[in-house]
Enquirer: 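Submitted below is the structure of interest, expressed as structure tokens.
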Amino acid sequence: MTKRPTVPWIYLITDRKACKNQDLLALLEQAGEAGVDLIQIREKDLSARALADLVQAVRQRLASSPTRVLVNDRVDVALACGADGVHLTTRSLPTAVVRRLVGRDFLIGVSTHSLEEAERAENEGADFIVLGPVFSTPSKQDFGPPLGLAAFEEIARRITIPVLAIGGITLDRAPEVIARGASGIAAIRLFAQADSVAGVVAALKSSRPSL
């Protein structure tokens with residue numbers, strides 16, 4: 001079981017089509033240099049070969065960085081490319097099945113949208129969960145209305161592994177969700193649409209002592 005971090009985790013989720021000012025590899029290299037803790041390669045439209053090429057390229061760019069790289073859903077690609085872990089969704093293989101395949105040293109994150117899903121992920125061996133959407137966001141409309149801060153706090157209180165908040169997270173809202181029990185924040189557009197991803201990471205880091 002992964003202990004809750006003492007400072008909030010910063011989890012960048014990729015969307016190469018949403019990158020505003022630079023290509024994806026350049027953005028991720030900058031993010032690694034700035035100190036992002038986790039990066040999830042989430043490019044669902046790529047073939048297995050193209051996804052593997054991208055994961056390997058990211059790992060090369062981040063070779064000197066402590067940033068850990070996870071692959072969305074594709075356990076096979078994550079293992080083949082030497083990624084640090086995999087991120088599972090409600091449509092992925094069950095967490096317990098994946099844990100038996102990969103062992104304890106491989107990170108497993110799981111997307112959850114309710115207390116039931118959060119508890120299942122924890123019980124089946126997830127290292128952390130991403131819970132949301134907390135606020136309204138275009139990328140999470142398929143998962144129903146946002147949880148809101150009160151429901152997020154109640155679920156986070158009942159889960160012992162790290163719980164990262166996702167969905168409409170902004171620099172202004174990050175302190176709110178941390179105050180409500182989030183172990184960190186996960187986001188796509190916060191980073192992809194930023195004028196400077198390093199600036200976003202720096203702002204999040206500078207707010208950590210007061211979160």
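Count residues from 1 along the sequence.
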Enquirer: When rounded to the nearest 0.5 angstrom, what distance separates CG in L131 from CD1 in I159?
Expert: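 Output value for this atom pair is 8.5 Å.
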
Enquirer: Run the salt bridge (charged side-chain N to carboxylate O under 4.0 Å, His left out) test on E176 and R180 for me, step by step, so that the C-alpha distance in whole Å, both residues' side-chain angles and the decisive distance to 0.1 Å come before the verdict.
Expert: CA-CA 6 Å; E176 288 184 276; R180 295 296 188 109; over 6 Å; no

Enquirer: With the side chain counted from C-beta on, respond yes when I188 and T14 share a heavy-atom pair under 4.5 Å apart, and no when they do not.
Expert: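 Result no, sub-4.5 Å side-chain heavy-atom pair not found.
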
Enquirer: List the steps, then state whether side chain to side chain contact (heavy atoms under 4.5 Å, CB included) holds for V163 with T112.
Expert: CA-CA 10 Å; V163 179; T112 63; over 6 Å; no

Enquirer: Report the distance from atom OG of S183 to atom CG of L164, rounding to the nearest 0.5 Å.
Expert: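 S183 atom OG to L164 atom CG measures 6.5 Å (nearest 0.5 Å).
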
Enquirer: Taking only distance into account, with no hydrogens and no angle test, what donor-acceptor pairs under 3.5 Å do side-chain atoms of residues 74-88 form with protein atoms, sequence neighbours excluded?
Expert:
residue, atom, partner, partner atom, Å
R74, NE, D76, OD1, 3.0
R74, NH2, D76, OD2, 2.8
D84, OD2, V69, N, 2.8
H87, ND1, Y11, OH, 3.1
H87, NE2, S111, N, 3.3
H87, NE2, S111, OG, 2.7

Enquirer: Checking side-chain contact (heavy atoms from CB on, under 4.5 Å) against I13, which of L190, I166, I39 comes through?
Expert: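 Among the candidates, only I166 passes.
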
Enquirer: Could you tell me whether the side chains of E33 and S65 share a donor-acceptor contact shorter than 3.5 Å?
Expert: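 Note: E33 and S65 side chains miss the donor-acceptor criterion.
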
Enquirer: Which is it for L25 and V58 under the side chain to side chain contact (heavy atoms under 4.5 Å, CB included) test, yes or no, and what are the steps along the way?
Expert: CA-CA 6 Å; L25 286 176; V58 172; 3.7 Å; yes

Enquirer: Side chain to side chain donor-acceptor pair (under 3.5 Å), that's the test. Do T90 and E117 meet it? Break it down for me.
Expert: CA-CA 8 Å; T90 54; E117 291 179 357; 5.5 Å; no

Enquirer: Whether K20 and D195 form a salt bridge (side-chain N of Lys/Arg under 4.0 Å from carboxylate O of Asp/Glu) is what I want to check.
Expert: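 Salt bridge flag = yes for K20 with D195.
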
Enquirer: Is any side-chain heavy atom of V71 less than 4.5 Å from a side-chain heavy atom of Q40?
Expert: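 No, their side chains stay 4.5 Å or more apart.
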
Enquirer: Can you name the nearest heavy-atom pair linking S114 to I155, along with the distance?
Expert: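 Looking at all heavy atoms of both residues, the shortest contact is C-CD1, 3.9 Å.
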
Enquirer: Salt bridge check, E124 against R99: does any charged N sit closer than 4.0 Å to a carboxylate O?
Expert: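 Looking at E124 together with R99, the answer is no, because their closest N to O distance does not fall below 4.0 Å.
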
Enquirer: Crowded around N123 CG? As in, over 12 foreign heavy atoms under 6.0 Å?
Expert: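 Count over threshold, so yes.
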
Enquirer: Hey, are R157 and E154 close enough for a salt bridge, meaning a charged N less than 4.0 Å from a carboxylate O?
Expert: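 So R157 pairs with E154 through a salt bridge.
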
Enquirer: Between P133 and H113, which heavy-atom pair has the shortest distance, and what is it?
Expert: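 Closest pair (atom of P133, atom of H113, distance): CD-CD2, 4.5 Å.
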
Enquirer: So does R16 get a backbone contact from the side chain of E43, meaning a donor-acceptor N/O pair under 3.5 Å?
Expert: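 Present.
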
Enquirer: Looking at CD1 of I41 and CG of L28, how far apart are the two atoms once the value is rounded to the nearest 0.5 Å?
Expert: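 With rounding to 0.5 Å, CD1 (I41) is 5.5 Å from CG (L28).
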
Enquirer: Provide the closest heavy-atom pair for I178 versus P8 in the form atom of the first, atom of the second, distance.
Expert: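 That closest heavy-atom pairing would be CD1-CB, 3.7 Å.
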
Enquirer: List for me each residue that meets ring-ring contact (aromatic ring centres under 6.0 Å, His included) alongside F191, sequence neighbours excluded, and say none if there are none.
Expert: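 ring-ring contact (aromatic ring centres under 6.0 Å, His included) check on F191 returns nothing, list empty.
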
Enquirer: Could you tell me whether the side chain of T89 reaches within less than 4.5 Å of the side chain of N72, counting heavy atoms only?
Expert: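 In short, these two side chains touch, coming nearer than 4.5 Å.
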
Enquirer: How close do V200 and A194 get, counting heavy atoms only, and between which atoms?
Expert: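 Taking every non-hydrogen atom into account, CG2-CB, 3.5 Å.
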
Enquirer: Can you tell me how far the CZ atom of R173 sits from the CG atom of L149, to the nearest 0.5 Å?
Expert: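 The distance works out to 8.5 Å.
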
Enquirer: Under the side chain to side chain donor-acceptor pair (under 3.5 Å) rule, collect the residues that match up with Q60, sequence neighbours excluded.
Expert: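 Scan of Q60 (side chain to side chain donor-acceptor pair (under 3.5 Å), adjacent residues dropped) gives none.
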
Enquirer: Determine, step by step, whether T95 and V97 satisfy the side chain to side chain contact (heavy atoms under 4.5 Å, CB included) criterion, reporting the C-alpha distance in whole Å, the side-chain angles of both residues, the deciding distance to 0.1 Å, and the verdict.
Expert: CA-CA 5 Å; T95 304; V97 172; over 6 Å; no

Enquirer: Output, in order, the C-alpha distance, side-chain angles, deciding distance and verdict of side chain to side chain contact (heavy atoms under 4.5 Å, CB included) for R91 and D73.
Expert: CA-CA 8 Å; R91 301 179 181 90; D73 191 46; over 6 Å; no

Enquirer: So, for A203 and L171, which heavy atoms are closest and what is the spacing to 0.1 Å?
Expert: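 Residues A203 and L171, closest heavy atoms: CB-CD1, 3.9 Å.
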
Enquirer: Might you point out which heavy atoms bring F152 and G181 nearest each other, and give the distance in Å?
Expert: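 What the structure gives for the nearest pair is CE2-C, 4.3 Å.
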
Enquirer: Nearest 0.5 Å, please: how far is CZ in F128 from CG in L107?
Expert: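 Taking CG in L107 and CZ in F128, the distance rounds to 6.5 Å.
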
Enquirer: Is there side-chain contact between I108 and L70, with at least one heavy-atom pair below 4.5 Å?
Expert: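 When only atoms from C-beta onward are counted, L70 and I108 do not touch, as no gap falls below 4.5 Å.
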
Enquirer: Do L24 and D15 have side chains that get closer than 4.5 Å, going by heavy atoms?
Expert: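 When only atoms from C-beta onward are counted, D15 and L24 do not touch, as no gap falls below 4.5 Å.
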
Enquirer: Counting C-beta onward and ignoring hydrogens, is there a side-chain heavy-atom pair between S196 and Q30 closer than 4.5 Å?
Expert: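 Heavy-atom side-chain distance check passes, below 4.5 Å.
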
Enquirer: What distance separates W9 CH2 from D37 CG, expressed to the nearest 0.5 Å?
Expert: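 The CH2 atom of W9 sits 8.0 Å away from the CG atom of D37.
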
Enquirer: Tell me whether R104 is salt-bridged to D127, with the criterion being a basic N under 4.0 Å from an acidic carboxylate O.
Expert: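 Judged by the 4.0 Å cut-off on N to carboxylate O distance, R104 and D127 do form a salt bridge.
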
Enquirer: Check this for me, if you would: do K17 and D45 make a salt bridge, where the nitrogen-to-carboxylate-oxygen distance has to be below 4.0 angstrom?
Expert: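 Salt bridge between K17 and D45, a charged N being under 4.0 Å from a carboxylate O: yes.
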
Enquirer: Do V110 and V130 make a side-chain contact, defined as non-hydrogen atoms from C-beta onward lying under 4.5 Å apart?
Expert: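 Contact flag for V110/V130 side chains = no.
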
